[in-house]
Amino acid sequence: MSDQCLFCGIVTGTIPSVNVAEDDTTYAFMDINPASDGHLLVVPKQHSQDLLEIPAEDLTAVTLAAQRIARTAVKEFGAAGVNLLNCCGAYAWQTVFHFHLHVIPRYVDKTKDRLVRPWQPGTSDDKDAITALGDRLSAALD
Ligand code: 5GP
Ligand code: ZN
């Protein structure tokens, strides 16, 4: 736990939140500035800064909790789909440095849904460059 961390404060109850679910390893709560109706966050109870740092067991537990809640959100809210989102690093839009998965139910009704696709698709013109980057990553993996 980190004294300075907002989500550690939410996990311990020092900072109030709307709790959705909880188990030994994870805590799920509603996002205070929702991108859609039902937007929530799932975090590990143990502090990890981000995707690069989180231990495998915590990542697994958070992902499974997000799946369980996503299934229920689709049924209960009549969502048409769900986006899971993780931001890793300030340059990738992370603003709270305690790992979290966003669970964002999606709706046909745009009054409930303000999420837009965060990238413009590129072109597949440079197939050599794509292949070179893929090969380089593949060769560098542990
Ligand atoms: P990030 O930008 O790091 O991926 O996501 C951080 C999320 O935390 C944002 O969607 C933001 O709305 C949410 N958030 C920030 N402060 C609070 C808070 O005090 N309570 C809750 N419930 N959510 C928060
Ligand atoms: Zn924390």
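Just follow the structure's listing: the first ligand is 1, and inside any ligand the first atom is 1. Below, all heavy atoms of this structure are taken into account, side chains as well, without hydrogens, waters or symmetry copies. Numbering of residues begins at 1 and proceeds along the displayed sequence.
In this structure, a donor-acceptor pair under 3.5 Å is absent between the side chains of Asn19 and Ser17. A donor-acceptor pair shorter than 3.5 Å cannot be found between the side chains of Asp135 and Ser138.
Using a 4.0 Å cutoff on heavy atoms, Leu41 counts as a contact of ligand 1. A heavy-atom separation below 4.0 Å is not found between Phe97 and ligand 1.
For the atom pair Asp50 CG and Phe99 CZ, the distance stands at 8.5 Å (nearest 0.5 Å). Considering CG of Asn83 and CG of Leu101, their distance stands at 12.0 Å, rounded to 0.5 Å.
Against a heavy-atom cut-off of under 4.0 Å, Ile10 is close to the following atoms of ligand 1: 20 (N). Near Phe7, meaning under 4.0 Å from any of its heavy atoms, are these atoms of ligand 1: 8 (O). Atoms of ligand 1 lying under 4.0 Å from any heavy atom of Gln94, numbered from 1 in the order shown and given with element: 3 (O). Each of the atoms 4 (O) of ligand 1 lies under 4.0 Å from some heavy atom of Cys87.
Considering only non-hydrogen protein atoms, atom 4 (O) of ligand 1 sits nearest to His102 NE2, 2.8 Å. Distance from atom 23 (N) of ligand 1 to its nearest protein heavy atom, with residue and atom name: Ile32 N, 3.3 Å. Asp31 OD2, 3.3 Å is the protein heavy atom nearest to atom 9 (C) of ligand 1.
Under a 3.5 Å cut-off, the side chain of His100 and the backbone N or O of His98 do form a donor-acceptor pair. Side chain of Thr60 to main chain of Ala56: a donor-acceptor pair is present (N/O by atom type, distance under 3.5 Å, no hydrogens or angles). Put simply, the side chain of Asn86 never gets that close to the backbone of His102: no donor and acceptor are under 3.5 Å apart. Judged by distance alone, the side chain of Arg106 and the main-chain N or O of Ser36 form no donor-acceptor pair under 3.5 Å. Of the possible polar contacts, one joining the Thr72 side chain to the Arg68 backbone as a donor-acceptor pair under 3.5 Å is found.
Inclusion of His39 in the set of residues having an N or O under 3.5 Å from an N or O of ligand 1 is not warranted. Note: an N/O pair closer than 3.5 Å links Thr95 and ligand 1 by distance alone. At least one N or O atom of His100 sits closer than 3.5 Å to an N or O atom of ligand 1. Remark: ligand 1 and Val96 share an N or O pair separated by less than 3.5 Å (distance only, no angle test). In terms of polar-atom proximity, defined here as any N/O pair under 3.5 Å, Met30 does make such a contact with ligand 1.
The Zn ion (ligand 2) sits nearest to atom ND1 when only the N, O or S atoms of His47 are considered. The closest approach of His98 to the Zn ion (ligand 2), by N/O/S atoms, is made by ND1.
Under 4.0 Å from ligand 1, the heavy atoms of Leu6 that appear belong solely to its side chain. Only the side chain of Phe29 comes within 4.0 Å of ligand 1, judged by heavy-atom distances.
Aromatic ring centres of Phe97 and Phe7: separated by at least 6.0 Å.
Both Ile15 and Tyr27 belong to a common hydrophobic cluster when Ile, Leu, Val, Met, Phe, Trp and Tyr are linked at side-chain heavy-atom distances under 4.5 angstrom.
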